Amino acid sequence: MEHIPTTNKKLINWVNKMAKLCGPVRIVWINGSDEQKLTLEKESVKSQELIRLNQEKLPGCFLHRTAHDDVARTEHLTFICTKKKHDVGPNNNWMSPAAAYNKAKAIFKGAMAGRTMYVIPFSMGPVGSPFSKIGVELTDSRYVVLNMLIMTRCGDAVLRQLEKDDDFTKCLHSKAQLDIKKRLILHFPEDNTIWSVGSGYGGNVLLGKKCLSLRIASFLARKEKWLAEHMLIMGIEEPNGHVEYVTAAFPSACGKTNLAMMIPPEGLKNKGYRIWTVGDDISWMRVDSDGSLWAVNPEAGFFGVAPGTNSKANPNMVETIKKNTIYTNVLLKPDNTVWWEGADGEVPAQGIDWKGNPWKPNTLDAEGKPIKGAHPNARFTTPIMNCPSASFRIEQHHGVPISAIIFGGRREHVAPLVYESFDWQHGVFVGATMGSELTAAQVGKLGTVRRDPMAMLPFCGYNMAEYFKHWLSMGKLMAKPPKIFHVNWFRTDESGKFLWPGFCENLRVLEWILDRCNNKVNALQTPIGYLPYPFNIDMTGLSLTEEALEKLFKIDQEEWLEELKGIHKFFTDFKKDLPKELWEQYRALQKRLKSYAK
Ligand code: OXD
Ligand code: MN
């Protein structure tokens with residue numbers, strides 16, 4: 001009988017009950033020690049769940065391959081299970097708790113036969129911070145345990161915390177047969193419970209991340225009057241040493257991770273900026289006694305997309321993933337290092353692709369398309385503390401004060417490089433109407449705009465109309481609310497070429513944003529918000545033409561009126577639930593645009 005390292009009755013009873021359902025041969029409690037981690041790594045290599053990589057070139061690094069049909073989040077199999085269907089809104093799939101538990105129980109029953117059940121006590125946020133939340137994940141996957149050890153703070157320190165407090169999110173995961181037909185990702189916010197079965201993909205199984213820190217946390221945050229958001233958190237240290245913090249929400253594939261750890265560009269007039277990374281994906285924010293908004297990153301690691309990661313896009317990440325990193329679904333090179341499309345250096349002459357097959361560049365599949373070495377959603381899991389730009393405030397229980405909230409999308413047209421909302425309420429409208437155009441990588445008509453409010457559409461654990469109301473009400477709790485901005489790095493010219501160089505040059509826009517927060521520069525009032533006077537954005541060292549600059553900041557009345565039609569359609573889906581303030585914002589924008597002369 002395994003030693004039980006807790007006296008928490010609620011926890012022990014729940015572990016026993018779940019073990020009875022899943023039928024593992026043994027139960028192992030994760031304590032967070034290096035020794036236990038080494039044992040798990042050895043066992044995973046033996047069972048071929050992990051491949052140990054070249055330890056000279058990539059110390060502490062491993063490769064994992066998932067099942068071929070288990071490579072991304074499965075939104076159609078993800079449900080919010082509340083008593084009332086209306087509570088989840090048009091933005092979520094719904095199942096009643098009774099039906100969901102029954103359906104999943106049939107899959108969990110005996111699913112861990114012959115396997116070990118690991119008990120992972122974890123804290124989202126620094127252990128002991130009053131703003132952190134505790135979860136306990138039960139899983140039959142060593143890969144999940146090893147990833148959770150990177151992505152969260154886990155082990156005995158968390159159990160000690162649980163001796164004082166009975167409140168934790170009950171997270172149950174089993175790989176079961178990794179059968180897509182028996183895969184379910186279920187959230188029971190009213191029971192503070194998550195059940196995930198039949199998947200081994202990070203976003204579906206590292207239950208502290210999207211499931212707890214966004215879907216369950218957004219539900220709790222509304223009740224407890226704080227915000228759980230899909231946002232990066234970064235510190236911008238000005239040349240005088242003063243650090244200001246901002247959060248930013250962009251839909252996937254818009255460069256959140258790259259922005260969070262950028263290296264300042266050459267050529268700025270003000271030399272000596274430094275960027276400090278607090279987080280790249282999730283921000284928990286609450287109003288402090290000073291009346292402003294403070295943020296913590298609940299995570300302890302990055303679960304980043306590998307393809308496209310290179311020294312131009314993200315030099316700090318290239319450094320970060322050189323050690324103690326788990327790679328998933330990337331190409332294995334003959335020297336036991338890894339590669340992906342868009343990595344630094346030469347394309348390898350051969351390797352083993354993400355499916356485990358021999359690979360050579362330019363080999364074509366049955367449809368004549370090149371076979372990729374790495375899956376386009378191949379990932380790395382890596383500790384934040386490896387990152388050269390990791391902020392010294394990551395472990396602080398209080399987090400960091402937020403000066404600005406930045407929303408953004410991928411828009412070839414319509415949205416200028418940057419604009420500032422008039423006030424909090426208008427800022428909520430800007431976030432609620434955020435969208436991105438479909439690219440060639442997605443199914444659907446090219447250029448179609450997909451609305452993704454606050455980048456939370458797949459992650460808001462309740463009716464999004466209520467979520468907008470919650471955002472509006474948070475504004476009233478703050479004496480000093482952050483200013484809200486919108487950015488678009490992706491505007492193009494007539495030939496489809498990007499007008500803005502992006503990457504580290506985005507700091508020039510952040511510099512303007514901070515200048516606005518500190519009332520250092522005036523701005524131009526337009527129908528959509530305040531725009532920079534171009535001379536207030538430092539363009540030294542960039543060779544942008546006058547014409548390009550004009551296009552970057554252009555507000556086209558026709559385009560915006562067309563945009564309003566899309567917003568109208570989107571808002572209508574929420575029927576009577578949509579807060580009236582957002583319709584007021586809509587009408588006010590329409591009025592301003594109609595009388596806009598340009
Ligand atoms: C995502 C992620 O899917 O961060 O948004 O993995
Ligand atoms: Mn994300």
Side-chain angles (χ1 to χ4, degrees), residues 64 66 70-78 91-92 124 143-144 147-148 150-152 185 187 194 196 199-218 227-234 247-261 277-285 295 297-309 313-314 317 320-321 325-330 340 374-384 387 405-410 431 434-436 439 441-442 450-461:
H64 171 78
T66 65
D70 193 18
V71 291
R73 284 184 290 102
T74 37
E75 283 172 24
H76 65 294
L77 302 174
T78 300
N91 49 297
N92 281 302
M124 298 315 296
Y143 171 75
V144 167
N147 274 276
M148 287 293 281
I150 297 174
M151 294 304 295
T152 71
I185 321 297
H187 305 72
I194 302 161
S196 162
S199 173
Y201 171 74
N204 291 336
V205 301
L206 307 180
L207 300 184
K209 193 174 178 66
K210 302 299 187 185
C211 300
L212 193 164
S213 292
L214 290 176
R215 297 196 191 97
I216 294 288
S218 60
L227 292 165
E229 298 301 324
H230 190 201
M231 291 178 173
L232 66 87
I233 312 169
M234 65 195 283
T247 59
F250 307 144
S252 62
C254 291
K256 230 159 66 222
T257 304
N258 295 349
L259 187 70
M261 56 192 76
T277 310
V278 182
D280 78 326
D281 197 40
I282 300 176
S283 171
W284 284 0
M285 298 181 284
N297 171 14
E299 303 192 278
F302 304 124
F303 179 60
V305 178
T309 302
N314 196 335
M317 191 58 99
T320 305
I321 57 181
T325 297
I326 300 174
Y327 293 94
T328 301
N329 291 341
V330 297
W340 46 82
H375 186 274
N377 192 34
R379 298 278 177 150
F380 44 74
T381 320
T382 193
I384 292 192
C387 181
I405 293 175
I406 304 167
F407 293 122
R410 176 184 283 271
M434 235 171 93
S436 257
T439 62
Q442 289 145 327
R450 182 165 44 195
R451 302 275 153 212
D452 186 358
M454 282 85 169
M456 279 289 276
L457 194 64
F459 306 119
C460 177

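Since the structure is predicted, the reported quantities are computational estimates derived from the model, not experimental observations. Computed from heavy atoms alone, side chains included, the values below leave out hydrogens, waters and symmetry copies. Every number for a ligand or one of its atoms is a count from 1 in the order of the listing.
By the side-chain hydrogen bond (donor to acceptor under 3.5 Å, both in side chains) test, T74 is found to be paired with N204, residues two or more places apart in sequence or in another chain being considered. Take D70 and apply the salt bridge (Lys or Arg N to Asp or Glu O under 4.0 Å) test, not counting sequence neighbours, and it matches R183. Applying the salt bridge (Lys or Arg N to Asp or Glu O under 4.0 Å) rule to K210 yields the partners D281; only residues at least two apart in sequence or on another chain are considered.
No hydrogens or angles considered: nothing links the side chains of T257 and N314 as a donor-acceptor pair under 3.5 Å. Using modelled atom types and a 3.5 Å distance limit, the side chains of T328 and Y143 yield a donor-acceptor pair.
Residue D281 has at least one heavy-atom neighbour below 4.0 Å for each of these atoms of ligand 1: 4 (O). Atoms of ligand 1 lying under 4.0 Å from at least one heavy atom of H230, given by number and element, are 5 (O).
Residue contacts with ligand 1 include R379, since one of its heavy atoms falls under 4.0 Å from the ligand.
By the criterion of a separation under 2.8 Å, the protein N/O/S atoms near the Mn ion (ligand 2) amount to K210 NZ, H230 NE2, D281 OD1.
Nearest protein heavy-atom neighbour of atom 4 (O) of ligand 1: K210 NZ, 3.0 Å.
The minimum heavy-atom distance linking P458 with R73 is given by the pair CB-NH1, 3.9 Å.
Cation-pi check for R215 over F459 is not met; the charged atom does not lie both under 6.0 angstrom from the ring centroid and within 45 degrees of its normal.
A distance-only check finds a donor-acceptor pair linking the side chain of S218 to the backbone of G461 [under 3.5 Å].
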